[in-house]
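Below is one structure; the comments refer to it alone.
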Amino acid sequence: MSGFDRISRARTEEAARCWLEADAVSAVEQSEFDSLRAVCRSNAGAARLLLGHEHEAGNCFEAAELTWRNVIAGVATLDVPMGGASSSFHFRLAAKAPDVLMGAQRERYRRLAEAALAITQFNRTLIGRRTPDAACTAECAAALRATLRDVLGYAAPEARLLSACIEPNGDADIYAIYADKLYDISTRQLTLSAALSETCANLESAVALTALLAPMILEAIDRSADDTCDAANPNQQLEFE
């Protein structure tokens, strides 16, 4: 969560370092169904973009996409615990037709993993942002927003970030939205059912921790870099006078 804490305070380089450190730790242990590895690879790609390392970002996103696809495929045989029945109806259903309830749970996890994959793919489209296709970015953002509203909820921080990208109105504080995301992560981790298996809990956490990059942040970084270059070359403007 440290990366979200830093980015919510506009400390993007520190956020990038946090995500790269998490990726280095996750590389020690790997398995085919490894949602935590998938999110670490995805966030490492986001970190590389924040730092301007676009080639490395592409490699990270490619690896993350492959890992998320393995997770999605693995959900079909995921051992879903039955202790999560939340009502008398679900309890009776679990007792009489466990396959039905397990199937519904697997479908939910599959959709969550697909949402995380879609976030990773969107981040990957931001590579090469110095010559952006604004219409293409807006189209991708609109499609992803529809998916995330359906899976994560209409008011999910990710959906709000995409709305700021699609419908810029000058009022959206993207850093405040990241602060809301940090709160959302904390809440989700506190409310994960104790009946969930470790694998299921890790998957839910991984999806919540997958960072969606707001294009405006990357644009702000580019503007800052340009301003720094101009300040470092005080004679540049004289050439045009």
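Note that these values count all heavy atoms, side chains included, but never hydrogens, waters or copies made by symmetry.
- Of the options N70, V75, L203, a side chain to side chain contact (heavy atoms under 4.5 Å, CB included) to S35 is made by L203 and by none of the others.
- In this structure the side chain of K181 never reaches within 4.5 angstrom of the side chain of I177, judged on heavy atoms.
- The minimum heavy-atom distance linking G153 with A159 is given by the pair O-CB, 4.4 Å.
- Distance check, rounded to the nearest 0.5 Å: CG of L78 to CZ of R110 gives 13.0 Å.
- Looking at R17 and E21, no side-chain N of the basic residue comes within less than 4.0 Å of a carboxylate O on the acidic one, giving no salt bridge.
- For the salt bridge (Lys or Arg N to Asp or Glu O under 4.0 Å) test, no residue two or more places apart in sequence or in another chain qualifies with R69.
- Contact check for D34 versus V71: no side-chain heavy atoms found under the 4.5 Å cut-off.
- Considering only residues two or more places apart in sequence or on other chains, Y175 meets the side chain to side chain contact (heavy atoms under 4.5 Å, CB included) condition with A10, D173, I217.
- Contact of the E204 side chain with the Y109 side chain is registered, since non-hydrogen atoms from C-beta on lie closer than 4.5 Å.
- Taking NE2 of H55 as the reference point, atom SG of C60 lies at 10.0 Å (rounded to 0.5 Å).
- In this structure, F61 CZ and I119 CD1 are separated by 11.5 Å, a value rounded to the nearest 0.5 Å.
- In terms of the salt bridge (Lys or Arg N to Asp or Glu O under 4.0 Å) criterion, residue partners of E14 (sequence neighbours excluded) are, by chain and number, R6, R11.
- Nearest heavy atoms, D5 versus S8: O-OG, 2.7 Å.
- Between atom CG of residue N202 and atom OG of residue S205 there is a gap of 6.5 Å, rounded to the nearest 0.5 Å.
- Between A57 and G45, the shortest heavy-atom contact is CB-O, 3.5 Å.
- A chain of hydrophobic side-chain contacts below 4.5 Å, direct or via other Ile, Leu, Val, Met, Phe, Trp or Tyr residues, connects M1 to L212.
- Counting only distance, with no hydrogens or angles, the side chain of S42 and the backbone of A38 share no donor-acceptor pair below 3.5 Å.
- Partners of F122 by ring pair (Phe, Tyr, Trp, His ring centres under 6.0 Å), not counting sequence neighbours: none found.
- At least one donor-acceptor pair closer than 3.5 Å links the side chain of E54 to the backbone N or O of G128.
- Minimum heavy-atom separation, M216 to A164: CE-CB, 3.6 Å.
- Taking all atoms of both residues into account, the shortest heavy-atom contact from C40 to S26 is CB-OG, 3.3 Å.
- With sequence neighbours left out, A116 forms a side chain to side chain contact (heavy atoms under 4.5 Å, CB included) with W68, V207, T210.
- Within the 4.5 Å cutoff, the side chain of D184 has no heavy atoms near those of the D180 side chain.
- For the pair N43 (side chain) and L209 (backbone), a donor-acceptor distance under 3.5 Å is present.
- Scanning both residues, L20 and A47, for their nearest heavy atoms gives CG-CB, 3.8 Å.
- Inter-residue side-chain proximity for L152 and L112 is flagged as met; some heavy-atom pair is nearer than 4.5 Å.
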Residues T125, T137; criterion side-chain contact (heavy atoms from CB on, under 4.5 Å); working and verdict
CA-CA 8 Å; T125 67; T137 298; 5.7 Å; no
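- Partners of R111 under the side chain to side chain contact (heavy atoms under 4.5 Å, CB included) rule, at least two apart in sequence or in another chain, are E107, D150, V151.
- Note on ring orientation: taking the six-membered ring where Trp is involved, the planes of W19 and F4 are perpendicular (angle over 60°, cut-offs 30° and 60°).
- Under the 4.5 Å side-chain criterion, counting only non-hydrogen atoms from C-beta, E13 is not in contact with L50.
- In this structure a side-chain-to-backbone donor-acceptor pair under 3.5 Å is present from N123 to L213.
- Residues S163 and R149 meet the side-chain proximity criterion, which asks for heavy atoms closer than 4.5 Å.
- Using modelled atom types, no side-chain atom of R41 and backbone atom of L36 make a donor-acceptor pair closer than 3.5 Å.
- Within the model, atoms CG of L117 and CD1 of I72 stand 4.5 Å from one another, a figure rounded to the nearest 0.5 Å.
- The CG atom of L161 sits 7.5 Å away from the CD1 atom of I174 when rounded to the nearest 0.5 Å.
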